[in-house]
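Okay, so here's the structure we're looking at.
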Number of protein chains: 2
Amino acid sequence: MIYEPNQCPIRFGLGVFGDHWSLLIIRDMMFRGHTRFQDFLDAGEGISTNVLSDRLSRLEAQQIISRQKDPSNGRQVIYELTDKGKDLLPIMLTIFAWAEKYDPKTRVSKELAERIRTDLFGARDEILATIKQSI
Amino acid sequence: MIYEPNQCPIRFGLGVFGDHWSLLIIRDMMFRGHTRFQDFLDAGEGISTNVLSDRLSRLEAQQIISRQKDPSNGRQVIYELTDKGKDLLPIMLTIFAWAEKYDPKTRVSKELAERIRTDLFGARDEILATIKQSI
DNA sequence: CTGTATCCTTAGGGATACTG
DNA sequence: CAGTATCCCTAAGGATACAG
């Protein structure tokens with residue numbers, strides 16, 4: 001058994017970042033350096049203030065991001081990825097690599113994509129075979 | 001620039017497997033060996049027939065899964081992952097590894113988790129630093 | 001067994017105005 | 001600037017019956 005039913009890691013992941021907006025917010029922090037409420041509003045995805053507020057709260061509650069005031073400007077709030085949030089990077093990168101392989105429009109940094117491709121895509125069938133045996 | 005705006009790989013991924021049910025269906029095919037309509041209904045997630053039907057159609061349209069009749073039983077339909085679907089494995093595994101790190105209940109095969117951890121978590125900060133420079 | 005077809009309900013989210 | 005508070009609306013999805 002790869003994992004215990006009712007203790008499914010995919011379900012766990014979906015609970016944390018499994019909605020449309022959360023993953024885009026994390027993406028913007030990770031790859032665009034966004035740190036402020038306004039940054040996310042201006043990202044062009046069309047998120048409304050109430051939804052953004054809600055998602056930032058949830059992500060903070062789950063310790064994916066931290067919220068603090070800018071010491072040099074007390075009215076400015078700064079959002080940052082926590083270690084738990086930064087550790088979502090491998091998930092993002094594997095999505096990148098998959099998209100680069102199947103979305104003709106996606107262009108990702110070659111080094112990153114190459115790394116993932118050899119490390120994980122390369123062993124795909126071997127790993128799937130291992131999994132099949134343990135079902 | 002890591003990727004072109006409006007050509008975002010995360011958006012592309014969300015469009016394919018970004019809803020609650022699709023990822024669970026793919027999981028069941030990948031890690032539980034499910035191949036039949038009834039398998040998914042019985043998976044215990046409580047999906048209804050109309051939604052399941054819809055998701056299977058979409059996944060087939062996106063060539064994540066294939067649909068064919070069982071040659072030995074003409075009334076039995078068999079769903080299988082295509083290569084494009086199998087290539088979602090790295091994404092699944094990185095979610096596994098992340099969940100194992102942060103969800104106390106999740107227990108994943110050690111070898112798989114270890115492989116991902118050293119390959120990708122290990123270089124996390126280094127990669128993030130590279131990204132920051134190119135924003 | 002593998003789906004459609006309907007009905008119905010609710011949660012999610014857009015628009016907007018407003019506040020500390 | 002960073003949110004809250006409403007209002008409203010629609011699309012997603014659960015339940016169920018039925019069909020090929």
Side-chain angles (χ1 to χ4, degrees), chain A residues 10-11 13-29 32-62 64-82 85, chain B residues 10-11 13-29 32-62 64-82 85:
Chain A
I10 301 297
R11 272 176 152 285
L14 285 174
V16 174
F17 52 81
D19 76 286
H20 188 73
W21 289 117
S22 296
L23 212 58
L24 294 180
I25 291 171
I26 295 165
R27 173 203 65 182
D28 286 347
M29 301 185 78
R32 296 182 178 172
H34 290 190
T35 58
R36 301 170 308 170
F37 196 87
Q38 199 62 36
D39 289 337
F40 302 109
L41 285 182
D42 297 342
E45 304 281 359
I47 191 169
S48 57
T49 57
N50 52 351
V51 175
L52 175 57
S53 177
D54 176 72
R55 291 306 183 280
L56 290 171
S57 300
R58 285 199 214 180
L59 290 172
E60 189 192 1
Q62 285 157 332
I64 301 295
I65 65 178
S66 67
R67 182 184 186 282
Q68 60 202 36
K69 301 213 170 182
D70 184 341
S72 67
N73 176 358
R75 301 202 325 182
Q76 182 66 64
V77 176
I78 301 289
Y79 294 97
E80 282 178 322
L81 289 169
T82 62
Chain B
I10 301 298
R11 274 178 152 286
L14 285 173
V16 175
F17 53 80
D19 76 286
H20 188 73
W21 289 116
S22 296
L23 212 58
L24 295 180
I25 291 171
I26 296 166
R27 173 203 66 182
D28 287 347
M29 300 184 79
R32 297 182 178 172
H34 290 189
T35 59
R36 302 170 308 170
F37 197 86
Q38 199 63 35
D39 289 336
F40 302 109
L41 284 182
D42 297 343
E45 303 280 359
I47 192 170
S48 56
T49 56
N50 52 350
V51 176
L52 175 57
S53 178
D54 175 73
R55 291 307 182 281
L56 290 172
S57 300
R58 286 199 214 179
L59 290 172
E60 189 192 1
Q62 286 157 331
I64 302 295
I65 65 177
S66 66
R67 182 184 186 283
Q68 59 201 37
K69 301 214 169 182
D70 184 342
S72 67
N73 177 359
R75 301 201 326 179
Q76 183 65 66
V77 176
I78 301 288
Y79 295 98
E80 282 178 322
L81 289 170
T82 61

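In this text the structure is predicted, and so the values were computed from the model without any measurement. Because only heavy atoms are used, hydrogens play no part in the values below, and waters and symmetry mates are left out as well, while side chains stay in. Order of the sequence lines sets the chain letters (A, B, ...), proteins ahead of strands, with each chain counted from 1.
- For a distance-only test at 3.5 Å, the side chain of Thr49(A) qualifies as a donor-acceptor partner of the base of dT4(D).
- Rounded to an integer number of Å, the gap from Asp54(B) CG to dG13(D) C1' is 10 Å.
- Arg36(A) and Ile78(A) get closest at one heavy-atom pair: CG-CD1, 4.3 Å.
- Closest contact between the side chain of Arg67(B) and the listed nucleotides dT2(C), dG12(C), dG14(C) involves dT2(C).
- If you take CH2 of Trp21(A) and C1' of dG13(C), they are 9 Å apart, rounded to a whole angstrom.
- Residues Ser22(B) and Phe17(B) approach most closely at CB-CA, 4.2 Å, considering heavy atoms.
- Taking every heavy atom of both residues into account, Gly46(B) and Trp21(B) meet most closely at C-CH2, 4.1 Å.
- Counting to the nearest Å, the C1' atom of dC1(C) and the CG atom of Leu56(B) are 13 Å from each other.
- Across the protein-nucleic acid pair, Asp19(A) atom CG and dA11(D) atom P stand 19 Å apart, rounded to whole Å.
- In this structure, Thr35(B) and Asp70(B) have side chains that are not in contact, with every pair of non-hydrogen atoms separated by 4.5 Å or more.
- Remark: Arg55(B) engages Asp19(B) in a salt bridge, criterion side-chain N to carboxylate O under 4.0 Å.
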Provide a list of protein-nucleic acid N or O atom pairs under 3.5 angstrom, restricted to nucleotides 6-9 of chain D.
from   : atom 1 : to       : atom 2 : distance (Å)
dT6(D) : O4     : Asn50(A) : ND2    : 3.2

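- At least one donor-acceptor pair closer than 3.5 Å links the side chain of Thr82(A) to the backbone N or O of Ile64(A).
- Regarding Gln68(B), its CD atom lies at a distance of 13 Å from the P atom of dT2(C), rounded to whole Å.
- Residue Val77(A) has its side chain nearest to dA2(D) when only dT2(C), dA2(D), dG13(C) are considered.
- Looking at every heavy atom in both residues, Ala43(B) comes nearest to His34(B) through CB-CE1, 4.0 Å.
- At least one side-chain heavy atom of Leu56(A) sits under 4.5 Å from a side-chain heavy atom of Phe40(A).
- Distance from the side chain of Val51(A) is smallest to dG13(C) among dT4(D), dG14(D), dG13(C).
- Between Asp28(A) and Asp39(A), the closest side-chain pair of non-hydrogen atoms is not below 4.5 Å.
- Residues from residues 36-47 of chain B lying near DNA chain C, meaning a heavy-atom separation below 4.0 Å, are Arg36(B), Phe37(B), Gln38(B) in numerical order.
- Across the protein-nucleic acid pair, His20(A) atom NE2 and dG13(C) atom C1' stand 11 Å apart, rounded to whole Å.
- Taking 4.0 angstrom as the limit, Ser53(B) places a side-chain polar atom (N or O) nearer than this to OP1 or OP2 of dT4(C).
- In this structure, Arg55(B) places its CZ atom 14 Å from P of dA11(D), rounding to the nearest Å.
- Atom-to-atom, CG of Leu52(A) to C1' of dT4(D) comes out at 13 Å; the value is rounded to the nearest Å.
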